[in-house]
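Heavy atoms only: backbone and side chains are in, while hydrogens, waters and symmetry mates are out. Treat the numbers as computed from the prediction; the structure is a model and nothing was measured.
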Amino acid sequence: DTSNALGTLGMSSGKLLLYNQYNNAAGDLEIRTQNFDSAIYIDNSADRVGIGTETPTSTLQVAGDLTATNITASFSNFNRFIWNITLRRS
């Protein structure tokens, strides 16, 4: 029953705040556009964020290419990672 669901849009300290205050583990948040259904998806019950996916399987999952100037990573178990990296000179 979502009849008591509450969403809030506000400002605080110069930041735009968007809250899904539905008191349930299913209180997810989805940002979409007309042609991009899964732009950003926050899975409240699993504490995960998906970009380009509504079913993130890790804390942050990006479905598609990622471009970054600098990447910093730390690992607790280096052997469990599979790398598929393409380096391009800019």
Side-chain angles (χ1 to χ4, degrees):
D1 176 21
T2 59
S3 60
N4 293 321
L6 176 64
T8 305
L9 179 65
M11 293 288 292
S12 176
S13 301
K15 295 183 275 186
L16 176 66
L17 303 174
L18 178 61
Y19 290 106
N20 180 349
Q21 295 173 311
Y22 183 54
N23 191 16
N24 186 305
D28 299 340
L29 179 65
E30 185 172 6
I31 299 172
R32 61 170 62 187
T33 65
Q34 182 177 0
N35 296 317
F36 193 2
D37 283 346
S38 304
I40 300 174
Y41 189 84
I42 300 173
D43 185 335
N44 184 54
S45 62
D47 294 332
R48 295 178 178 163
V49 175
I51 298 175
T53 179
E54 293 180 6
T55 55
T57 57
S58 58
T59 304
L60 173 62
Q61 181 176 348
V62 178
D65 295 336
L66 174 68
T67 302
T69 303
N70 296 298
I71 298 174
T72 302
S74 61
F75 305 97
S76 59
N77 185 355
F78 187 78
N79 293 328
R80 72 177 247 236
F81 293 95
I82 298 172
W83 298 91
N84 181 9
I85 299 174
T86 301
L87 301 175
R88 293 189 184 111
R89 189 176 200 160
S90 52

Leu17 with Ile42, same ILVMFWY side-chain cluster at under 4.5 Å
no
Taking only residues two or more places apart in sequence, or in another chain, which ones meet Thr57 in a side chain to side chain donor-acceptor pair (under 3.5 Å)?
Gln61
Smallest heavy-atom separation, Gly52 atom then Ala63 atom, equals O-CB, 3.5 Å
Check Thr53, Thr55, Asp28 against Tyr41 for a side chain to side chain donor-acceptor pair (under 3.5 Å) and give me the one that passes.
Asp28
What's the spacing between Ile40 CD1 and Leu29 CG if we round to 0.5 Å?
9.0 Å
Before giving the answer on side chain to side chain contact (heavy atoms under 4.5 Å, CB included), spell out for Met11 and Leu16 the whole-Å C-alpha distance, their side-chain angles and the decisive distance to 0.1 Å.
CA-CA 5 Å; Met11 293 288 292; Leu16 176 66; 4.1 Å; yes
